[in-house]
Amino acid sequence: GPLKSATSYHTYAEMRQEVDSVVAAHPQIASKFVAGKSYEGRDIVGVKISDNVATDENEPEMLVIANIHARERLTAEQALDYLGQLTNGYGTNSRITNLVNENEIYLMPMVNPDGQVYDMTSDTQPGRMWRKNRQPNPTSVGTDLNRNFNYKWGCCGGSSSNGASETYRGTSAESAPEVKVIENFVRSRVVGGKQQIKVFLDIHSVAELVLWPFGYTMSDTVPGSMSADEEAVHRTIGRELAATNGFTPEQDSDLYITDGTSDDWTWGDQHIVSFTFELGGGDFYPPPSAIDGQVQRSREALLRLTDYADCPYRAIGKES
Ligand SMILES: NS(=O)(=O)N[C@@H](CCC(=O)O)C(=O)O
Ligand SMILES: [Ca+2]
Ligand SMILES: [Ca+2]
Ligand SMILES: [Zn+2]
């Protein structure tokens, strides 16, 4: 397992090697899966972490995705650090042992592998400042995966129809293969008519924020899709998480209006309590020496969120 702290950013290949080595070292609690393929045919790699990992047990499920925006490099490191915390702490740290025994955690460290490889393999250092995937479109290259999800897609001026734009929404919802892979994975976790995933996190950078839906509207509550209680659950947990890493807690739309984002879909369509982190580090490419310090800031927030997986409504003293 990654006993050493990250001292440089993982390439896509190094991420896969790290996942393989963690799974090899902890086969009882970690298993690798491939959720699907990117536009250019790269595996979108996932790891399941739980006791009796080969069995789909009736335990609360959690999904964490990272690096959907290619240049947001620290996010994959945060995901791999979380993997390391859960596996290295198992059997020695009682809190972590309980979290792994009581939940099924799915982690996808690089959900935009084509963009990640393109951003990292360039002679312009430290990176190409690339955000989107690498799918050609009518006028340019790249769909902003975080504007392509299938909830209120393109509804509200929170994305662009211009293929050259950094926030190009795609030709239709789920037109990006990577988004379809993520959505299909989540839809596959509806078992017996019930969505097994109870909490979702999409890790971004760089603004030091803890965000929650909705992004498509400024309204805090929306009849039929965000009740006062449901808003209170998100706000209460969001504030609690932000208190642990010093980030600013706010609704997605307090930042700016966005439509077609991951967490609007996971909450709006799948009713999974959902958050987006914007990590710190000053810019998209903090110096490698800063990685460990930056990822340590949100360790507690990730464990705290995991702890809510069994009953997020506990945050407001209700069952659900
Ligand atoms: N990571 S970022 O692109 O700077 N901010 C995210 C915010 C996501 C959201 O508002 O849900 C985005 O615009 O997709
Ligand atoms: Ca289990
Ligand atoms: Ca299960
Ligand atoms: Zn982002």
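Values below: every heavy atom of this structure, side chains too, minus hydrogens, waters and symmetry copies. Remember, it's 1-based here, ligands and their atoms both numbered in the order they're listed. Here, residue 1 is the first one in the sequence, and each next residue gets the next number.
Distance check, rounded to the nearest 0.5 Å: CD of Glu231 to CD of Gln251 gives 6.5 Å. To the nearest 0.5 Å, atoms CD1 (Ile65) and CG (Leu201) are separated by 8.5 Å.
For Asp283, the side-chain contact (heavy atoms from CB on, under 4.5 Å) partners two or more places apart in sequence, or in a different chain, are Tyr285, Pro286.
Proximity to Tyr256 (heavy-atom distance under 4.0 Å) selects the following atoms of ligand 1: 2 (S), 4 (O), 5 (N), 6 (C), 12 (C), 13 (O). Against a heavy-atom cut-off of under 4.0 Å, Glu72 is close to the following atoms of ligand 1: 1 (N), 2 (S), 3 (O). Near Asn146, meaning under 4.0 Å from one of its heavy atoms, ligand 1 places the atoms 8 (C), 12 (C), 14 (O). Close contacts between ligand 1 and Glu278 involve ligand atoms 1 (N), 2 (S), 4 (O), 5 (N), 6 (C), 7 (C) [criterion: under 4.0 Å to a heavy atom]. Every atom of ligand 1 is numbered from 1 in the order shown, and the set under 4.0 Å from a heavy atom of Thr258 is 10 (O). Atoms of ligand 1 found under 4.0 Å from any heavy atom of Arg131 (numbered from 1 in listed order, with element): 2 (S), 3 (O), 12 (C), 13 (O), 14 (O).
Alongside Met218, the hydrophobic cluster contains Ile257 (criterion: ILVMFWY side chains under 4.5 Å). Taking Ile, Leu, Val, Met, Phe, Trp and Tyr as hydrophobic and joining them when side-chain heavy atoms fall under 4.5 Å apart, one finds Leu209 in a cluster with Leu211, Leu255, Tyr256.
Cation-pi geometry between Arg134 and Tyr118 is met: under 6.0 angstrom from the ring centre, within 45 degrees of the axis.
Side-chain contact between Leu305 and Met62 is present, with at least one heavy-atom pair separated by less than 4.5 Å.
Of the options His69, Arg71, His204, Arg147, the smallest heavy-atom separation from atom 13 (O) of ligand 1 is shown by Arg147.
Metal site remark for the Ca ion (ligand 2): Thr55 contributes no N, O or S atom at a distance under 3.0 Å.
By the criterion of side-chain heavy atoms lying less than 4.5 angstrom apart, applied directly or through intervening Ile, Leu, Val, Met, Phe, Trp or Tyr residues, Leu74 is not grouped with Met129; the two fall into different hydrophobic clusters.
Around the Ca ion (ligand 3), protein N, O or S atoms at less than 3.0 Å comprise Asp56 OD1, Glu57 O, Glu61 OE2, Glu104 OE1.
Contacts with ligand 1 closer than 4.0 Å are made by no heavy atom of Thr167, backbone or side chain.
With no hydrogens or angles considered, a side-chain donor-acceptor pair links Arg169 and Ser159 at under 3.5 Å.
Aromatic ring centres of His234 and Phe275: separated by under 6.0 Å. Aromatic ring centroids of Tyr216 and Phe214 lie under 6.0 Å apart.
For the pair Ser205 and ligand 1, a heavy-atom separation below 4.0 Å is found.
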